There are 2 protein chains.
Amino acid sequence: MNPHEESRCENCIIRELNALRSLKKEELKAISDSKVSRTIKKGESIFKEGEKLNGVFCVRDGVSKLSKLSENGKDQIVKIASKGEVMGQRSLIAEEAANLSAVALNDMQLCFIPKENFTESLSKNPEFIQALLKNMAHELKMADDVIVNMAQKTVNQRVAGILLYLDTHFGTDADGYLSLVLSRNDIADVVGTATELCIRTLTKFKKEGLIETEGKRIKISDREGLDQLWEGV
Amino acid sequence: MNPHEESRCENCIIRELNALRSLKKEELKAISDSKVSRTIKKGESIFKEGEKLNGVFCVRDGVSKLSKLSENGKDQIVKIASKGEVMGQRSLIAEEAANLSAVALNDMQLCFIPKENFTESLSKNPEFIQALLKNMAHELKMADDVIVNMAQKTVNQRVAGILLYLDTHFGTDADGYLSLVLSRNDIADVVGTATELCIRTLTKFKKEGLIETEGKRIKISDREGLDQLWEGV
DNA sequence: CGAAAAAGATGACTTTTGTCAGTTGCTTTC
DNA sequence: GAAAGCAACTGACAAAAGTCATCTTTTTCG
């Protein structure tokens, strides 16, 4: 594989996956020429809430958490972004500072698309806007659903929910363990609870035969059981 | 005031307030000719989740709650829409069934804009799309913030929050009582708690001198105190 | 390697939240 | 205007969630 080819947006897998797919080839080329491809290591920050972004980030590889610090000092993870997703678009569109912080959950490859390229396409390419609009509409629905779940489901249910989410979105490795490995603390931050309670809940699930664990790795052994728990049967 | 004039979108206050403001006069005229203006009584349903919408609704007067039924059988109010706001746009853009149900909280005046007019403007008027995009970006930020609050704040704080929200968004009447009067049950559905706990919390606030009540009406007597509670001081 | 740091885990306890059952009081309606 | 129905409210209790202290295991890094 040719690394030079690989690093160009025209051939980037992202083109196929995200809102940018509506960009015409020439536009992608223009963006590609100006873009900066970055490697981000696990745990490193991509941007912080309150920061002015001067571009958007396309996830080429790896996974990132998007979180917001609550007034009580706890981080709440609002979204997990992976290959093909764009981060920072909301802030650029709204012309506001970032509302969320982005941190790499594992080693990542990112494309950086400068603000100018982004806003130019925004004003000149109707298909791009349409795709963006649809993307935002989808994100909004997701967010509304999360609100309902946060407000109405118990910690038990929400922990079951994140496990199911990780399974369906990132799959499992050869041994059947969830491919995306989160720390107990990160799981707690997604669920919106204390780390201790999160750990206890996982321990309980283990005793009930819903999951198995090995270190921080988790294997779902009874998906149906977790489903039922999630749905509140 | 001429009711005929008043019912035309060209002159509608909504034009000034919402995403539709980018529509050109001719487009507004076209929409106006086809639109249906409706009067909805308090408590009546505007649309239900799962329903296919064949247009969007502009709130000309009154207030509506947008809620979603959780699997546990409880309603979660996700948003309160008032004058100048558009309901149903997300579903039309995403070409999905409604994710939320809309019910009138008091008597309402609504403009109905058929799908065809909406999508036509969407494909032909770049400024309209830009405005919509910005609007959705803002809603997404709001939704993310609600997620954090739901996950990280206590019922106490969230009840204080809704009171402050009602105060800043709908103001007070001559006696200083919150203009928008919600039932205890609706407040609980916004906060995401049980009605009993919501009532207890309000009673406690009353004892602490933060609010006064008269029937279901609520007066904020110590806004600063509520603010501090909300911020978790 | 081995010490230090970070993450995982558990117990004991407190606080918060939910639930059920029932009372009061207002409002709607025939 | 009385009865019905609903919303507001209260008490008692149960369940869920949070906190603090402590210990163990894993990871990191000089």
Side-chain angles (χ1 to χ4, degrees), chain A residues 41-44 65 70-76 103 105-107 149-162 177-178 181-208 211-218 229-230 232, chain B residues 41-43 65 70-76 103 105-106 149-162 177-178 181-208 211-219 229 232:
Chain A
K41 280 190 196 143
K42 178 178 177 177
E44 279 182 3
K65 62 175 174 182
S70 174
E71 271 141 347
N72 65 9
K74 278 189 190 160
D75 250 333
Q76 177 64 37
V103 173
L105 286 173
N106 44 36
D107 291 353
N149 292 331
M150 282 296 174
Q152 300 290 347
K153 297 211 187 261
T154 64
V155 169
N156 260 302
Q157 292 179 301
R158 298 193 323 256
V159 171
I162 173 74
Y177 286 90
L178 293 174
V181 177
L182 297 183
S183 72
R184 301 296 192 250
N185 187 52
D186 277 342
I187 297 177
D189 284 353
V190 172
V191 167
T193 189
T195 309
E196 297 95 318
L197 183 53
C198 172
I199 291 173
R200 266 185 248 278
T201 306
L202 289 172
T203 308
K204 198 178 66 180
F205 284 1
K206 203 157 72 173
K207 278 178 189 155
E208 293 170 349
I211 61 170
E212 293 167 55
T213 63
E214 196 205 83
K216 54 166 55 177
R217 297 197 308 151
I218 299 172
L229 214 176
W230 168 246
Chain B
K41 278 190 197 145
K42 179 178 174 176
K65 62 176 174 182
S70 174
E71 271 142 349
N72 65 9
K74 278 189 189 159
D75 249 333
Q76 178 64 38
V103 173
L105 285 173
N106 45 34
N149 291 333
M150 282 296 175
Q152 300 290 349
K153 296 210 187 262
T154 64
V155 169
N156 260 303
Q157 292 179 300
R158 299 194 321 257
V159 171
I162 171 76
Y177 286 90
L178 294 174
V181 177
L182 297 182
S183 71
R184 300 296 193 252
N185 187 53
D186 277 342
I187 296 177
D189 284 353
V190 173
V191 167
T193 190
T195 310
E196 296 96 317
L197 182 53
C198 172
I199 291 173
R200 265 185 250 276
T201 306
L202 289 173
T203 308
K204 197 179 66 179
F205 285 1
K206 203 157 72 173
K207 278 179 190 154
E208 293 170 349
I211 62 170
E212 294 167 52
T213 63
E214 196 204 82
K216 54 165 59 177
R217 296 197 308 151
I218 298 172
K219 188 199 300 200
L229 214 176

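Only heavy atoms go into these numbers, but all of them, side chains included; no hydrogens, no water, no symmetry mates. If you're wondering where the values come from, they're calculated on a predicted model, not measured in any experiment. Note on naming: letters A, B, ... go to the chains in the order of the sequence lines (proteins, then strands), and numbering restarts at 1 for each one.
Rounded to a whole Å, the CG atom of N106(A) is 16 Å from the P atom of dT27(D). Rounded to an integer number of Å, the gap from CD of E214(A) to P of dG8(C) is 14 Å. To the nearest angstrom, P of dA8(D) lies 10 Å from CG of L202(B). Taking atom NZ of residue K42(A) and atom C1' of nucleotide dT28(D), one finds them 12 Å apart after rounding to whole Å. Here the P atom of nucleotide dA17(D) and the CG atom of N156(B) are 17 Å apart, to the nearest Å. Between Q152(A) atom CD and dA17(D) atom P the separation is 13 Å, expressed in whole Å. F205(A) has its CZ atom 17 Å from the C1' atom of dA9(C), to the nearest Å. We find that CZ of R158(A) is positioned 11 Å from C1' of dA16(D), with the value rounded to whole Å.
Under the 4.5 Å side-chain criterion, counting only non-hydrogen atoms from C-beta, V191(B) is not in contact with L197(B). T213(B) is not listed as a side-chain neighbour of L202(B), based on a closest heavy-atom distance of 4.5 Å or more.
Checking K216(A) against L197(A), the closest nucleotide of DNA chain D that is more toward the 5' end is the one next to L197(A). Residues A151(A) and T213(A) both approach DNA chain C. Their nearest nucleotides, taken by heavy-atom distance, put T213(A) toward the 5′ side.
The pair K153(B)-E71(A) meets the salt-bridge criterion, with a side-chain N (NZ, NE, NH1 or NH2) lying under 4.0 Å from an Asp/Glu carboxylate O. Salt-bridge check for E44(A) with K41(A): failed, with every basic side-chain N at 4.0 Å or more from each acidic carboxylate O.
Closest to the side chain of R184(A), from the set dT17(C), dG18(D), dA9(C), is dA9(C). Distances from the side chain of I199(B) to the nucleotides dT17(C), dT10(D), dT19(D) place dT10(D) closest. Among the nucleotides dA17(D), dT10(C), dT17(C), the one closest to any side-chain atom of T203(A) is dT10(C). If you check dG8(C), dT19(D), dT17(C) against the side chain of A194(A), the one that comes closest is dT19(D).
On a pure distance criterion of 3.5 Å, a polar donor-acceptor pair joins the side chain of E196(B) and the base of dC20(C). A donor N or O paired with an acceptor N or O is found under 3.5 Å between the base of dG11(D) and the side-chain atoms of R200(B).
Side-chain nitrogen and oxygen atoms of K74(A) include at least one within less than 4.0 Å of the OP1 or OP2 phosphate oxygen of dT19(D).
Among the heavy atoms of the strands lying under 4.0 Å from T193(B) are primed sugar atoms or P, OP1, OP2 only; no base atom is included.
The residue from D75(B), D189(B), D186(B) that alone fulfils the side chain to side chain donor-acceptor pair (under 3.5 Å) condition with K65(B) is D186(B).
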